[in-house]
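Every chain is numbered from 1, with letters handed out A, B, ... down the list of sequences.
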Amino acid sequence: MLRYSLKRLLSLLISLAVASLVIFLVIEVAPGDPASYMLGMNAQPDTVAALRAELGLDVSKTDRYLAWVTGMLQGDFGTSYTYRTPVSQMIAVRLWVSLPLALYALTLSTLIAFPAGIYAAARRGQAGDVAVMGATQLGVAIPNFWFAMMLVLIFAINLRWFGAGGFAGWEDGLLTGLHSLTLPAIALALPQAAILARVMRSALLDILGEDFMRTARAKGLTRRQTLWRHGLRNALIPVLTIIGLQFSFLLAGAIIIEQVFYLPGLGRLVFQAISSRDLIVVESVVMLLVFAVITVNFLVDLAYAAVDPRLRSRT
Amino acid sequence: MRRNLILGGILSSLVLLAALISFVWTPYDHAAMNIPDKLQIPNAQHWFGTDHFGRDMFSMIMVGARTSLAVALLAVGIGMGLGVPLGLAAAARKGSWLDELIMRGNDLVFAFPSLIIAILITAVFGAGAGNAIIAIGIFNIPVFARITRGGALSLWEREFIMAARVAGKSSTRISYEHILPNVANLLIVQGTIQFSLGILAEAGLSYVGLGAQPPTPSWGRMLADAQTMVSFAPHLALIPGFAIILTVLGLNLMGDGLRDWLDPRLRVRRA
Amino acid sequence: MTLLEINHLSLSIGGVAILMDVSLSIAPGEIVAVTGESGSGKSMTAFSVMQLLPNLAHVSGQIRLDGTDLLALDEDTMCGVRGRQIGMVFQEPMTALNPVKTIGDQVMETILIHKAMPRPEAETRARDVLDRVGLPADQFPLSRYPHELSGGQRQRVVIAMAIALRPKLLIADEPTTALDVTTQAQILELLKGLVREFDMGLLMITHDLAVVSDMANRIVVMRHGEVVETGPTSDLFANMQHPYTRMLFEASGHQVQLPAPPAPQPLLEVRDAIRDYRVPRTGLFQPQGHHRAVKQVSFTLNRGERLGLVGESGCGKSTLTRAILGLEPLQGGEILLDGEPVFAGHRPNLDVRRKMQVVFQDPFGSFNPRHKVDRLITEPFHLLDAPPTGPAREQAIGEALTAVGLNPGDAAKYIHEFSGGQRQRIAIARALIIKPKLILFDEAVSALDVSVRAQILDLLADLCRAYQLTYLFISHDLSVVRTVTDRVLVMKAGEIVEQGATEAVFSAPHHPYTQSLIAAAPVLPSVTQKGASA
């Protein structure tokens, strides 16, 4: 188990290193010099040079990359070109919106998908299965941001149960904050729940065809007992993969959903940064998101080992 | 089920037909503004109503279908074009450094959701429909590489591949002569799924301004425009939304139908 | 007193008749074997007793266990019968256990699901039955997972689960078909012992008449869903009534006459061949590990000779086969065909390869389902510098198909239009088409029903007479190797432990391993056929 974890950890570190290099190089090819862009067309050459030095742009690419990475390791993401404030501060504030939103949505999605998938698999071919599958077929086809607009139209504008947008903040208590994230979280979660429920169902149905399920029936277990005691844990293996993948979709989706609800999250930050060509902010936010995705997949790998004893004993 | 295939096929062909017809005919010029007729709800003159500039929504939906389908199709093309050969090569040299490199590369690309790629490209080169194609396309590469490798690996274990090796055929030749035709079904089904995901992704990217730029009409941007008016002109949001849902639904049903239709026959042949 | 009585059982699935009017009975302590070829309905008979049938199954008749008609029970009551009154053992031990649960949990589940005893007692019972089936506590604690056990050990766990509650009836569906011959002997011995000890009835499903003759009290022969003959084992073998039974018996021990081999003149020479596999590293910074699958093997195969290679799974015979075919390089030694190496430098030697062909085991997996027969059997032409075209190609295809007993017209058909036996003929046609000097038969008749197997063996003998074939026949089946080879090699753990003239090795084995293999192989009784000439 320890060996397996260490191996995954090593691969996590390599992925992070390569990802940071890719992001750095892409941003590097961007035309134009941030310093002259910030100072405008008529800036004096020595003013530009001074700013370049201040921003750390006057050294070689290798040095800049190393400085960027070592900075990030110490929590220093550099200084925003436009706001002249530390990027880490700007990200920290926004992260308190985006991360809770993604986790909220992931929780909702799992809570909806597991029962729905298990229910459908247990009633394969019956009316309940057909109904759940029909609903998921629709759920998969609905764009989450459009669904968000419909939720706003119904629950905020017409029924006035929720605010139409904005974020109340965490200062007034957990519930107030969660309340203002509820519609966005539902909008994010439902389409993902539809996918997850389908995966759960088909994973269970695959397992139902396995020899050991027949063995269990021969021991005297009912169909339902076989499904719960032997099917579920085996079906978790493919389901975990999808949950890991979904986290990256949820993070990306959160960026879009934030636009619908005018939430001050990472998405707003990154779009403002793009329009003001604040590349260091873009670079940092992208790196952070990629870091989150890679880390979640690492955690999923560890979860595999908890579920599947075959992985534990292998290298 | 056969029903899925037929229903999905009908929905998908309707969208495709609308996109093709829009090249030669639309009820109105999709870009022509007509302020006096603005914000009409669907009626006999304007089947889907008009937007805040008085543009005909039906014409915009038709032309928008073009953008959606083109972006998604090209993205699937990029994904298949690069992913399938990579997957075949990885499977042919299972366990080698090449396989390891391809699979690790895939894992890395999986850490960059299309939206993040689109953000990077837009930040560096500016916005445009091309970004969406590249961003979605890049994300499709590992999807096709994995599915090809997975299918190919089980085929490489089969004895007919051994027989071809005994007949002196190279792994490249075996890959395209024996492996590719036998994973084609998998690829067709996955292709339909990625096509529908591409349409959703394109809509999302256009919605946040990272996709097609004006004047190119796109369903995602129509939704972005509709957002501030949704309380008094809900049809502006409902109609492009339904267009997306029906297209994606049609493609998914077709994918499911194709899988069920192609799969059992293969099993019968083997059994 | 009978324990199980099946009366006039008929079964159809989705309107297709599977079983017709099947009747049989089992007394306590009795072993009844149901035998027949694939499609005979023998397994479905077993699953009918368990009431574990696919959807759309329609059953009629009676299945009485201790007087209770199982067909009249509802599903909940039937769940109380399964595992408690009837235990079942399956064919495929590798997949019959849940991979994510310990063996202790899985054996205990049988006990706990029937609420037969509280958990601590259930654990003691689970330990006891595992001990009883030959998995002692010191090596096989309850906390072991299935993947840590071999196939034979897993089958023992499955048996432990089935007998944990001392059921009156045990059903075993091909319990040893997936196992090696020595393991098979041990499992059969275990089952026999359990029947005696617990006075259980055993319903044994098997395709192997030799296994049946060794252990059953009574035999039921089935064909196409019907019972064709039934009787006490010794009587039935001594006096077979039905022609199908006689055919089955004859085919099971089918012998062929090979022409005498020519004077020895080496064709294939294997000298000190070593084949290593890389195994996954045990640690990140550990050196790469290797597993030596073939350890300095040497032998010679002469022109016109039919050489056998026998051994159990994992002994390295498949690895050696691939090395001979030049598909994988050696790590030491050399393999020469006609004096030339099959693997020259880093590349397989095409000049040599065109002198060899191979026939594989699986008649379903050895053809690309998307190609027609003519394309399939001409694939080896790829090895020729100037493959025949036009009429010459047609003629080659026609000749090859005719040689294996098919029609030249079959060339235009797809492979799914043929039965398993016909496919194996096509595989042989593919091997013959470039007139190779050497053919390797890799378990080529192992997947076939006995009647089909007998026909393919006859075909081999015919081809030996017509073409003076040289072949290496690789198999785990001793009885087949005995009849179709002149000389035999016995392989164990990567080494050849014994070789010699086939008859000599089989009648007087020298090496202890060969002796144990031959002792473990079930044999048909040598009966004088009273009814055979009738």
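Considering only heavy atoms from C-beta on, C:His382 stays 4.5 Å or farther from B:Glu177 through its side chain. With contacts defined as side-chain heavy-atom distances shorter than 4.5 Å, the pair B:Val166/C:Met356 does not qualify. At least one side-chain heavy atom of C:Pro369 sits less than 4.5 Å from a side-chain heavy atom of B:Asn182.
Here the rule is side chain to side chain contact (heavy atoms under 4.5 Å, CB included) with B:Met162, and of C:Leu327, C:Asp442, C:Thr321, C:Val358 only C:Leu327 fits it.
With chain B as partner, the option from C:Ser366, C:Gly326, C:Pro380 having the largest number of non-hydrogen pairs under 4.5 angstrom is C:Ser366.
Heavy-atom contacts from other residues, nucleotides or ligands closer than 6.0 Å to CZ of B:Arg104 number more than 12.
Closest approach of B:Gly168 to C:Arg353, counting heavy atoms only: CA-NH1, 3.4 Å. Nearest heavy-atom pair, B:Ala167 versus C:Glu379, reported as atom, atom and distance to 0.1 Å: CB-O, 3.5 Å. Annotation for C:Arg370 and B:Pro181: closest pair NE-O, 3.1 Å, computed over non-hydrogen atoms.
Note that CZ of B:Arg165 and CG of C:Leu325 are 9.5 Å apart. Values are rounded to the nearest 0.5 Å. With values rounded to the nearest 0.5 angstrom, B:Glu159 atom CD is found 13.5 Å from C:Asn368 atom CG.
In this structure, chain B has a heavy atom under 4.5 Å from the side chain of C:Arg322, while its backbone stays farther away. Of the atoms belonging to C:Glu417, not a single heavy atom falls under 4.5 Å from chain B.
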